[in-house]
Structures are given as structure tokens and as C-alpha cells.
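Have a look at the structure below, then the notes.
Heavy atoms only: backbone and side chains are in, while hydrogens, waters and symmetry mates are out.
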Amino acid sequence: MARYRCGECGFVYDEAEGCEHEGFPPGTAWADIPDDWACPDCAVVEKPEFDRLDDTTVEH
Amino acid sequence: MEALSIEQARDYDHKRYLWPMGFGIILLIGALTSVGLYAGMTLFLFSAPLITYGVIPLMDWLIGKDSANPPEEALAALESDPYYRWLTYIYVGIELVFFAFLAYVVGTFQLSWLEWFGLTWTTGILTGVSINTAHELGHKKPRLERWLAMIALAPVAYGHFYVEHNKGHHRRVATPQDPASARMGESFWRFLPRTMVLSVASAWRIEKERLARKGKCAFSSDNEVLQAWAMTAVLWFALMAAFGTQLLPFLVLQAFLGASLLEAVNYVEHYGLLRRKMDNGRFERVQPAHSWNNDHIVTNVFLFHLQRHSDHHAHPTRRYQALRHFDDAPELPTGYAGMILLAYVPWLWFRVMDPRVVRHYRGDIRRANLQPGREEKLLARYPAADAAGEG
């Protein structure tokens with residue numbers, strides 16, 4: 001399970017948690033999220049530009 | 001670079017003690033309206049339009065600009081200072097109280113049609129300017145602020161803005177697909193019906209797609225557009241139950257006037273600006289070059305720094321007190337309050353703004369967002385030949 005972070009506002013998509021509000025149930029793989037989906041908080045960053053977090057990354 | 005404390009960061013905000021004017025002006029208009037009502041001075045019932053279209057543009061001109069930016073190391077502290085967000089919460093409370101007061105007056109007083117119209121216009125300015133506060137709140141992540149945004153939009157019946165603005169306008173800004181970005185050669189009076197109708201359609205489509213991913217139909221109680229409209233329905237019905245059904249024309253007209261005020265600001269914000277299309281068919285990321293800015297102090301205080309619009313589009317979740325001015329971003333000749341006056345008079349607007357768009361694109365308006373059907377006329381007037389091939 002990987003996590004992906006919006007480089008603009010810091011929103012994190014966690015595959016384990018999904019994002020219920022956006023219609024992605026827990027366990028939804030990043031690959032299954034459409035490419036034209038944008039950060040639900042700032043809408044500046046689209047899926048292809050999200051940064052993958054490795055397990056050691058600590059969010060600020 | 002070491003981050004500053006909240007106390008240290010305060011000193012960098014020159015407007016710190018002016019921000020309460022955001023709701024202070026509502027109290028002032030409330031006082032003027034009451035005087036007009038009880039002393040029988042009809043002119044005072046027009047205090048909101050007189051202030052918005054007269055006093056504020058004049059004060060912008062007299063008082064001038066403040067382009068000071070907080071340094072990078074002060075931004076985090078400024079953003080976390082609760083003082084600023086409390087001002088926006090208080091604003092919403094005052095908006096609702098004044099709105100209810102105006103509904104009470106219109107519903108229960110014997111008014112001449114002129115008095116009725118003055119109060120309705122004043123209400124429309126109140127609820128229209130409140131869309132700006134809802135805008136500031138609706139971009140924030142905390143649940144409370146998103147709720148307050150929807151509540152602030154209830155009187156003006158513009159709740160779909162909460163969805164469309166964040167997820168529609170911000171993604172498509174300065175592209176021909178955005179109903180809230182005005183095109184060069186498009187008058188405000190053409191823009192108004194286009195943006196009003198297509199923004200509702202866009203909000204609905206955004207929610208429909210989101211709900212489809214959840215396996216729900218668009219007519220679900222989860223639909224945030226419906227939730228926001230339901231708030232309006234509850235509020236309007238409660239007021240009509242309290243003060244009579246003759247309120248309905250007042251409610252409808254003030255909502256239309258309020259929404260038109262917001263759309264006039266939308267018209268100004270991105271007029272003629274266009275993002276470049278990249279080779280993969282997508283538009284380049286939003287840059288400071290894609291919004292019109294202004295640093296006149298008075299309008300900036302009343303609109304919570306909305307006119308630092310380039311930084312807002314670069315960082316939509318950033319709080320108003322931390323927004324910065326860019327020297328190289330497109331700049332308007334005066335504040336939004338004065339610019340919307342110009343927008344109402346298309347020939348004057350085109351005369352002032354079209355040359356600015358031309359200059360911004362270094363003479364090549366083929367790079368601008370042009371009104372379909374007017375390209376030839378515009379190109380004949382502002383030939384791009386000399387500038388051809390420029391980056």
C-alpha cells in the first residue's frame with residue numbers, strides 16, 4: 001500500500017484508506033484512479049503530478 | 001530560514017488591524033440603513049450600492065496601494081494565527097443577522113417602491129460580497145470553514161459555487177472551457193448569462209461524476225449542490241413563514257443582484273488571459289500570468305485580499321493574510337470595485353482593458369482567450385503580424 005502526496009497543499013492519498021468522499025473506497029489502488037482526477041483540496045495538482053511517498057517519508 | 005512565531009509574523013502584516021473592516025462595513029451599512037428607515041431618508045436605503053460603486057473606488061484612488069509582502073519565513077505563522085480566521089467567522093454571523101433584519105423590514109414595513117428597491121439592492125450587495133467570504137472559507141480544509149462557506153452562500157442561493165469554483169473554475173481557469181473566465185471581446189452582459197447557466201451545469205456534472213464513483217445517483221442527499229440549495233430553501237421558507245410570502249420577489253431579486261456582483265468580479269479576474277496548450281493536449285499549470293491583480297488597499301481589505309489573485313490560484317488553500325503580490329503578474333489600473341463599474345460599460349471596458357491584454361501578450365493576441373466569432377475583428381484591430389513567432 002503506497003501513499004501519494006499533492007505537492008501544492010500537502011493532501012495525501014493513502015491507498016489503504018482510500019478517499020470515501022471522492023468515491024474511492026479503502027484499498028483503491030493508485031493505478032485505478034483516473035488520470036484526470038485532481039487534488040480534492042486545492043485542485044492545482046492532477047494525479048500524474050502527485051509525489052509518491054516512500055514509507056520513511058514523514059509528512060510535515 | 002527559520003520560521004517565525006505568530007507574534008513575530010504579525011509585524012509583517014500592515015493591514016492586520018484593518019481586516020475587521022470586512023464586516024465593519026456591514027455594520028456601517030446596517031446603521032445607515034436604519035437611519036434611513038427610521039428618519040425617512042430614502043437615499044440611505046441605497047447605502048450599500050453607493051458605498052460599493054462610489055465611496056470604495058474613490059477611496060482606492062485616494063489611499064492607493066500596499067504591495068508589501070510577508071517574507072517566506074512568516075507565512076506559516078501568519079496562516080496559523082487564529083485572529084484572521086475568526087474575522088471570517090464573525091463576518092458570516094453578521095451577514096446572517098443583517099440579512100434577517102432586511103427581510104424583516106421588507107416583509108413587515110409599509111414601503112414605497114423606491115424604498116423597497118433600495119433595500120433590495122442593499123441586500124443584494126450584502127449577499128454578493130458575502131460570496132467572497134464564502135470563497136475564502138470554502139477553500140480551506142477544516143470542516144467548520146467549509147460548512148460556514150455553504151451557510152454564507154445560503155441567502156444568495158449560490159451554493160453550487162462552493163463546488164464549481166473549487167473543482168471547476170480552479171482547474172479550467174484561463175481556458176476557453178471555463179465558464180467563469182471572461183474572453184477578450186466578450187462584454188460583461190454576454191458573460192453574465194453564460195457564466196450563470198454554465199456554472200450551475202458544471203457544478204451538477206462535477207457532483208454527478210463524484211457520486212457515480214460512489215455508486216450513487218446525482219439526486220442523492222450526498223450531493224453537495226443539493227445540500228447547499230436545501231440550505232437556501234430552509235432559510236427562505238423560514239423568512240417567508242415569519243415575515244410573509246410577499247418576501248419572495250425581494251428574495252429572488254436580491255439573490256440575482258448578489259450573484260451578478262460576484263460574476264462581475266469573476267469577469268474582471270481573468271479577462272482575456274489564456275493558458276498555453278501543451279503537446280500532450282493538456283493546459284500548462286496555472287501561472288501568475290493567468291489572473292488580473294490589484295494592490296489597492298481599500299478593496300483588498302474589503303475583499304480579504306481577493307485581488308492578490310495570482311497567488312490565490314497558485315496556492316488556493318492559502319489564507320488571505322498570507323497571499324503575496326507579484327511584480328510581474330498582470331495588474332489592473334484600479335481595484336475590483338472600480339473595475340466592475342467599467343465592466344458595466346462595455347465600450348469603455350474594451351478601451352481600457354483590450355490594450356492591456358495586447359501588451360500582456362506582447363502584441364500577439366493569438367495567445368489570448370478570444371471571444372469566438374470576434375477573432376477576426378480583434379485581429380484586424382490589433383494585428384499580430386509584427387509579433388509573429390515570438391515565444
Side-chain angles (χ1 to χ4, degrees), chain A, chain B residues 3 76 79 138-143 145-146 162-174 177-178 180 202 205-218 220 222-224 227 275 278 280-288 290 310-319 322:
Chain A
M1 292 277 125
R3 298 186 308 151
Y4 296 81
R5 184 173 177 277
C6 166
E8 162 45 34
C9 76
F11 171 87
V12 172
Y13 181 82
D14 186 329
E15 288 181 323
E17 289 174 22
C19 182
E20 292 278 12
H21 185 264
E22 286 292 307
F24 306 126
T28 305
W30 188 244
D32 293 333
I33 289 178
D35 269 359
D36 64 354
W37 180 80
C39 171
D41 279 344
C42 73
V44 171
V45 176
E46 296 186 339
K47 178 195 162 184
E49 281 104 47
F50 268 65
D51 307 316
R52 190 190 159 108
L53 299 175
D54 50 57
D55 293 339
T56 53
T57 312
V58 181
E59 290 153 44
H60 62 257
Chain B
E79 286 225 58
H139 271 297
K140 302 302 166 295
K141 299 184 184 201
R143 202 167 256 260
E145 299 188 77
R146 292 185 178 186
Y162 166 83
V163 171
E164 205 294 316
H165 178 84
N166 289 19
K167 294 183 161 181
H169 172 66
H170 268 266
R171 292 192 66 184
R172 295 177 305 196
V173 61
Q177 282 80 39
D178 181 27
S202 165
R205 194 169 49 240
I206 289 166
E207 276 304 85
K208 194 176 158 184
E209 281 173 15
R210 182 180 71 87
L211 291 163
R213 288 199 296 263
K214 298 179 82 167
K216 294 183 175 176
C217 98
S220 144
D222 266 9
N223 185 324
E224 290 179 345
Q227 286 173 8
R275 278 153 70 188
M278 302 186 299
N280 61 10
R282 292 172 47 197
F283 286 97
E284 64 174 319
R285 198 155 151 174
V286 185
Q287 307 288 333
H290 303 128
S310 288
D311 204 19
H312 167 63
H313 270 276
H315 307 290
T317 58
R318 182 170 279 177
R319 291 175 184 276

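- Contacts between B:Ala314 and chain A at a heavy-atom distance below 4.5 Å involve the backbone alone (N, CA, C, O).
- Contact of A:Glu20 with chain B is made through the backbone alone, with heavy-atom distances under 4.5 Å.
- For the set A:Cys39, A:Pro40, A:Ala38, A:Pro25, the entry with the most heavy-atom pairs within less than 4.5 Å of chain B is A:Ala38.
- The candidate from B:His170, B:Glu224, B:His139 with the greatest count of non-hydrogen atom pairs under 4.5 Å with chain A is B:Glu224.
- Counting heavy-atom pairs closer than 4.5 Å to chain A, the top residue among B:His315, B:Lys140, B:Lys167, B:Lys216 is B:His315.
- More than 12 heavy-atom neighbours from other residues, nucleotides or ligands sit within 6.0 angstrom of NZ on A:Lys47.
- Panel note: side chain B:Arg285, backbone A:Val44; no donor-acceptor pair is recorded below 3.5 Å.
- For the pair A:Asp41 and B:Thr317, the tightest heavy-atom approach, listed with the atom from each and the gap, is O-CG2, 3.6 Å.
- For B:Arg213 (side chain) and A:Glu22 (main-chain N/O), a donor-acceptor pair under 3.5 Å exists by modelled atom type.
- Within the 4.5 angstrom heavy-atom criterion, only side-chain atoms of B:Arg146, from C-beta onward, approach chain A.
- Neither the backbone nor the side chain of B:Glu207 comes within contact range of chain A; no heavy atom of the residue lies under 4.5 Å from a heavy atom of that chain.
- Residues B:Arg282 and A:Glu46 are paired through a salt bridge, judged by an N-O separation under 4.0 Å between the basic side chain and the carboxylate.
- The line from SG of A:Cys42 to NZ of B:Lys141 is 7.0 Å long, rounded to the nearest 0.5 Å.
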